J.: 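Pasting a structure below so you can have a look.
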Protein chains: 2
Amino acid sequence: MHVKGSLDGAGAVQSTPSAALQARDELTCQVRDILNRVGDKWSLSVVNELGHGSRRFNELKRAVPGISQRMLTVTLRVLERDGLVSRSVYPEVPPRVEYTLTPLGSTLLERVWGLIDWVLEHHDDIDEARGRHDAGRAPASGP
Amino acid sequence: MHVKGSLDGAGAVQSTPSAALQARDELTCQVRDILNRVGDKWSLSVVNELGHGSRRFNELKRAVPGISQRMLTVTLRVLERDGLVSRSVYPEVPPRVEYTLTPLGSTLLERVWGLIDWVLEHHDDIDEARGRHDAGRAPASGP
DNA sequence: CAGTATCCAAGGCGATACTG
DNA sequence: CAGTATCGCCTTGGATACTG
């Protein structure tokens, strides 16, 4: 079910214009909120890795090259807070902690794949556009 | 066409493992790059507004409450560089500049709507999860 | 009208060191 | 193993002033 115009309140309730505007702003914030969650430097890599099954802390650290211990912790805490990832502690020694994608997290990952498909289909176009722009707007047919 | 495992190189070429890892990292970067583009503070609002037709600079500024002149300029320049938005200058006085979503930008907006739908469907779940987390992990049935 | 230039504050993130 | 704590750089973005 698509709700194409919803971001600016088209098709929304017919109360005062300011109420419609406020609803738009709220929705915009929610959407941007989620986009930032999934668009920040590490969440996507972590969620994607967890998309293949449960992982321990250091497994994730190895699977996501370049991530710092601090950022892995922070990223996992945020994902856990939002209910996208669950954390299970097994009180053994040495301690074992497993992170797992929740059903909610899986549904989000599904949607993100839609964007991944788009990137695969169009990142050539973007590269080309950037090249043209950076080269001083030379048209495609130019010298 | 979905390519679910592609972010970590599953189903990719069977060269050296390091080559597969490198390809994974590259794809991850590209995807995160696009997600950041669309997930930053203002791009989504601007793109969505342009989804309804061409707009002039100050029309956009009014249509996106709270955006500063600087950030509108920066956002539009980045979107233009990526070929998602086109800029047309009409050398009149007073000067007139129109911004329009390109076909490429429209296809991206389509995919973003997929995420918007997800947000509409699940932001209650996220709010609930946050509430539980912030309240000290009280279970759903507990007092 | 449609920008550009400059300054400044807040937050993101990496590096490093320490702990149960 | 699985973190927490602290420091400090760098980027992001708002406010303000100036321009063609």
Side-chain angles (χ1 to χ4, degrees), chain A residues 25 28-29 32-47 49-50 53-82 85-100 133 136-137, chain B residues 25 28-29 32-47 49-50 53-82 85-100 133 136-137:
Chain A
D25 289 351
T28 301
C29 282
R32 202 166 40 68
D33 188 42
I34 300 304
L35 252 25
N36 278 328
R37 171 91 41 272
V38 109
D40 71 0
K41 198 167 181 184
W42 300 110
S43 291
L44 183 63
S45 300
V46 171
V47 167
E49 180 64 25
L50 290 178
S54 297
R55 293 287 186 274
R56 302 177 58 167
F57 187 87
N58 279 340
E59 282 177 341
L60 282 173
K61 192 161 172 356
R62 277 187 297 272
V64 182
I67 194 171
S68 66
Q69 201 165 31
R70 188 181 107 88
M71 286 319 295
L72 180 54
T73 302
V74 170
T75 301
L76 286 170
R77 290 293 174 275
V78 171
L79 292 172
E80 190 197 357
R81 185 173 106 99
D82 287 358
V85 162
S86 66
R87 178 176 181 268
S88 306
V89 184
Y90 301 88
E92 313 165 347
V93 336
R96 186 162 61 97
V97 179
E98 296 226 317
Y99 293 93
T100 310
H133 187 94
R137 296 92 196 296
Chain B
D25 289 351
T28 301
C29 282
R32 203 167 39 71
D33 187 43
I34 300 302
L35 251 27
N36 278 327
R37 171 89 43 272
V38 111
D40 71 0
K41 197 167 181 184
W42 300 110
S43 290
L44 184 63
S45 301
V46 171
V47 167
E49 180 63 26
L50 290 177
S54 297
R55 294 287 187 273
R56 302 178 57 167
F57 187 87
N58 279 339
E59 281 177 342
L60 282 173
K61 192 157 171 1
R62 278 187 297 272
V64 182
I67 194 172
S68 66
Q69 201 164 29
R70 186 181 112 89
M71 287 318 296
L72 180 54
T73 301
V74 169
T75 301
L76 286 169
R77 290 292 173 275
V78 170
L79 292 173
E80 189 195 356
R81 184 174 106 99
D82 287 357
V85 161
S86 66
R87 179 175 181 269
S88 307
V89 184
Y90 300 88
E92 314 166 345
V93 334
R96 185 162 61 97
V97 179
E98 296 226 314
Y99 293 93
T100 311
H133 187 95
R137 296 97 193 293

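Chain A is the first sequence line, chain B the second, and so forth, proteins listed ahead of strands; every chain is numbered from 1. Owing to the predicted nature of the structure, the values given are computational and were not obtained by experimental measurement.
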J.: Taking atom types as modelled and ignoring hydrogens, do the side chains of Tyr99(A) and Arg55(A) form a donor-acceptor contact shorter than 3.5 angstrom?
T.: no
J.: Could you measure the distance from the CG atom of Leu50(B) to the CD atom of Glu98(B)? Nearest 0.5 Å is fine.
T.: 10.5 Å
J.: Which nucleotide sits closest to the side chain of Gln69(A): dG14(C), dC1(D), dA17(C)?
T.: dA17(C)
J.: Tyr90(A) has an atom OH; how far is it from atom P of dG20(C), in whole Å?
T.: 25 Å
J.: Could you state the CG-C1' distance from Leu72(B) to dT4(C), rounded to the nearest angstrom?
T.: 13 Å
J.: Can you tell me the distance, in whole Å, between the CD1 atom of Ile67(B) and the P atom of dA15(D)?
T.: 12 Å
J.: Within this structure, what is the CG-to-P distance between Leu76(B) and dG3(C), rounded to whole angstrom?
T.: 8 Å
J.: For Arg56(B), which contact category applies under a 4.0 Å heavy-atom criterion: base, sugar-phosphate, or nothing?
T.: sugar-phosphate
J.: Under a 3.5 Å distance rule, please check whether Glu80(B) uses its side chain to pair with a backbone N or O of Arg77(B) as donor and acceptor.
T.: no
J.: Glu92(A) has an atom CD; how far is it from atom P of dA2(D), in whole Å?
T.: 10 Å
J.: According to the Watson-Crick and G-U wobble definitions, with both distances under 3.5 Å, which nucleotide is paired to dC10(D)?
T.: dG11(C)
J.: Return the value, rounded to whole Å, for the distance between atom CZ of Arg62(A) and atom C1' of dC1(D).
T.: 10 Å
J.: Taking the side chain of Val97(B) as its heavy atoms from C-beta onward, which of dG3(C), dG3(D), dC1(C) lies nearest to it?
T.: dG3(C)
J.: Using a 4.0 Å heavy-atom cut-off across all strands, classify Tyr99(B) as base, sugar-phosphate, or nothing.
T.: sugar-phosphate
J.: Met71(A) CE to dC13(C) P: how many Å, rounded?
T.: 4 Å
J.: Could you measure the distance from the CG atom of Asn36(B) to the CG atom of Leu35(A)? Nearest 0.5 Å is fine.
T.: 9.5 Å
J.: Quick check on dA2(C): is either OP1 or OP2 less than 4.0 Å from any side-chain nitrogen or oxygen of Arg70(B)?
T.: no
J.: Any side-chain N or O of Lys41(B) below 4.0 angstrom from OP1/OP2 of dG14(D)?
T.: yes
J.: Can you find a side chain N or O atom of Arg77(A) that sits less than 4.0 Å from OP1 or OP2 on dG3(D)?
T.: yes
J.: Calculate the interatomic distance between Glu98(B) atom CD and dC1(C) atom P; express it in whole Å.
T.: 14 Å
J.: For Arg37(A), is there any backbone N or O sitting under 3.5 Å from a side-chain donor or acceptor partner on Ser43(A)?
T.: yes
J.: Both distances under 3.5 Å, Watson-Crick or G-U wobble: report the partner of dC1(C), or none.
T.: dG20(D)
